[in-house]
Protein chains: 2
Amino acid sequence: MEEVLDLLKEKNLKATPQRLAILNYLNHKTHPTIEEIFEEVKKSFPSISLATIYKNINTLKDVGIVIELNPGGKLKYDINIYPHFHGVCEKCGNIEDFYDEGVMKACKEKLKKSMNKNIKRLSITLSMVCDKCAKA
Amino acid sequence: MEEVLDLLKEKNLKATPQRLAILNYLNHKTHPTIEEIFEEVKKSFPSISLATIYKNINTLKDVGIVIELNPGGKLKYDINIYPHFHGVCEKCGNIEDFYDEGVMKACKEKLKKSMNKNIKRLSITLSMVCDKCAKA
DNA sequence: CTATTTGCAAACCCTTTGCAAAAAT
DNA sequence: ATTTTTGCAAAGGGTTTGCAAATAG
């Protein structure tokens with residue numbers, strides 16, 4: 001949690017309990033929707049408002065701490081710390097993270113050469129069939 | 001335009017003039033928003049309704065002819081025919097297409113090996129600074 | 001002490017829906 | 001002849017905004 005405080009300070013954002021609760025939830029549950037974040041954080045902050053969730057997600061998005069995923073259907077949110085790519089199951093819609101720094105780096109290199117420009121952030125999303133749905 | 005008719009027939013979609021106008025616009029102007037499609041197609045079909053644009057984009061999305069892009073801000077739409085990746089300018093927000101079948105294939109292979117699953121569709125988006133903004 | 005953040009309620013989109021008429025195959 | 005699509009208007013839902021009070025630094 002120490003890192004989070006530093007990260008917020010670095011971006012000049014105040015470490016309010018509500019904000020920390022949102023970040024903490026994002027660290028445990030991957031890719032929740034706004035509604036899911038709201039429902040969860042409300043357990044520890046019964047008085048929290050939906051508007052506060054929106055405002056926080058937007059500011060965290062603006063500074064790059066959080067990224068927005070559009071898998072079709074509702075938008076989902078993800079803490080943007082380690083380089084990874086996303087697999088969206090075309091049956092159930094769930095998103096799975098794949099961490100592979102080597103592959104991400106290799107793709108980045110190839111893309112960079114192809115387009116002849118610097119790449120600031122790289123987002124790779126693919127559709128697949130997840131293991132659970134493959135069995136069914 | 002012949003190809004489009006075949007494509008629609010293949011997906012069991014009727015070739016209405018409104019639908020063709022939308023597809024035609026998507027072939028000329030890349031990555032318009034819903035509103036832009038509406039304003040443009042209205043020029044040739046003054047009586048067209050926003051609901052018709054939405055319904056068409058949704059059905060075209062469902063069958064895979066059109067893809068949805070979420071560059072931050074409003075959603076944008078793109079005809080999904082040739083394998084390409086998207087660069088979003090972090091200054092002006094414009095989206096640029098990069099066609100490179102070789103690079104797309106190479107990335108797909110690497111990702112596939114890394115995750116050990118079949119990839120149905122692959123979407124690569126990156127943020128960059130476009131040439132226009134780089135000069136300014 | 002100052003700047004940011006919260007929470008409430010209202011406003012404000014954007015998007016979808018139902019339905020009857022029109023059009024496509 | 002059958003099925004899809006259109007266009008309208010209304011409903012719906014998600015997201016943002018303004019503002020005063022509370023809180024963080």
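A note on names: the letters A, B, ... follow the listed sequences, proteins ahead of strands, and every chain is numbered from 1.
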A.B. asks: Do B/H84 and B/F98 have their ring centres less than 6.0 Å from each other?
C.D. replies: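 So the answer is no for these two rings.
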A.B. asks: Would you say B/S49 reaches D/dT6's phosphate, i.e. side-chain N/O to OP1/OP2 under 4.0 Å?
C.D. replies: no
A.B. asks: Round to a whole Å and report the spacing from CG of B/L50 to P of D/dA10.
C.D. replies: 16 Å
A.B. asks: A/N58 side chain N/O closer than 4.0 Å to the phosphate oxygens (OP1, OP2) of D/dT15?
C.D. replies: no
A.B. asks: Which sits closer to the 5' end of DNA chain C, B/K61 or A/I48, going by the nucleotide each is nearest to?
C.D. replies: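 Its nearest nucleotide being more 5', the pick is A/I48.
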A.B. asks: Measure NZ/B/K42 against P/D/dT6 and give the value in whole Å, please.
C.D. replies: 17 Å
A.B. asks: Hey, are A/N94 and A/H31 close enough side-chain-wise for a donor-acceptor pair under 3.5 Å?
C.D. replies: no
A.B. asks: Would you mind reading off the distance between A/L20 atom CG and C/dT4 atom P, rounded to a whole angstrom?
C.D. replies: 18 Å
A.B. asks: Base, sugar-phosphate, or nothing for A/S47, non-hydrogen atoms under 4.0 angstrom?
C.D. replies: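 Contact class for A/S47: sugar-phosphate only.
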A.B. asks: Go nucleotide by nucleotide along DNA chain C from the 5' end; which of B/T16 and B/I34 gets its closest nucleotide reached first?
C.D. replies: B/I34
A.B. asks: Just checking A/N12: base, sugar-phosphate only, or nothing, at a heavy-atom cut-off of under 4.0 Å?
C.D. replies: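 Since no nucleic acid heavy atom lies under 4.0 Å of A/N12, the category is nothing.
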A.B. asks: Between atom CD in B/Q18 and atom C1' in D/dC8, what is the gap in whole Å?
C.D. replies: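 Distance check: B/Q18 CD to D/dC8 C1' gives 14 Å.
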A.B. asks: Rounded to the Å, how far apart are A/R19 CZ and C/dG7 P?
C.D. replies: 12 Å
A.B. asks: Side chain of B/A15 only, heavy atoms from C-beta on: which candidate in C/dT25, D/dA9, C/dA9 is closest?
C.D. replies: C/dT25
A.B. asks: Between A/K14 and D/dT23, is there a contact of a side-chain N or O with OP1 or OP2 at under 4.0 Å?
C.D. replies: no
A.B. asks: For C/dG7, does the base pair up with any side-chain atom of A/K55 as donor and acceptor (N or O, under 3.5 Å, distance only)?
C.D. replies: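 Under the 3.5 Å cut-off, the side chain and the base do form a donor-acceptor pair.
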A.B. asks: Would you say the side chain of B/P32 lies within less than 4.5 Å of the side chain of B/E40, judging by non-hydrogen atoms?
C.D. replies: no
A.B. asks: Quickly, which of A/K61, A/R19, A/Q18 forms a side chain to side chain donor-acceptor pair (under 3.5 Å) with A/N56? Name it, please.
C.D. replies: A/R19
A.B. asks: Measure from CD on A/E36 to C1' on D/dG14 and round the result to the nearest Å.
C.D. replies: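 Nearest whole value for this atom pair: 15 Å.
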A.B. asks: Is the phosphate of D/dT16, meaning OP1 or OP2, less than 4.0 Å from a side-chain N or O of A/Y54?
C.D. replies: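 Answer is no, no contact under 4.0 Å.
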A.B. asks: Given atom CD1 of A/I53 and atom P of D/dT16, what is their separation to the nearest angstrom?
C.D. replies: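 Those two atoms, CD1 and P, are 13 Å apart.
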A.B. asks: With a 4.5 Å heavy-atom cut-off, do A/V41 and A/T52 have their side chains touching?
C.D. replies: no
A.B. asks: Between P on C/dA24 and CG on B/N56, what's the gap in Å once rounded to a whole number?
C.D. replies: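 These atoms are roughly 13 Å apart.
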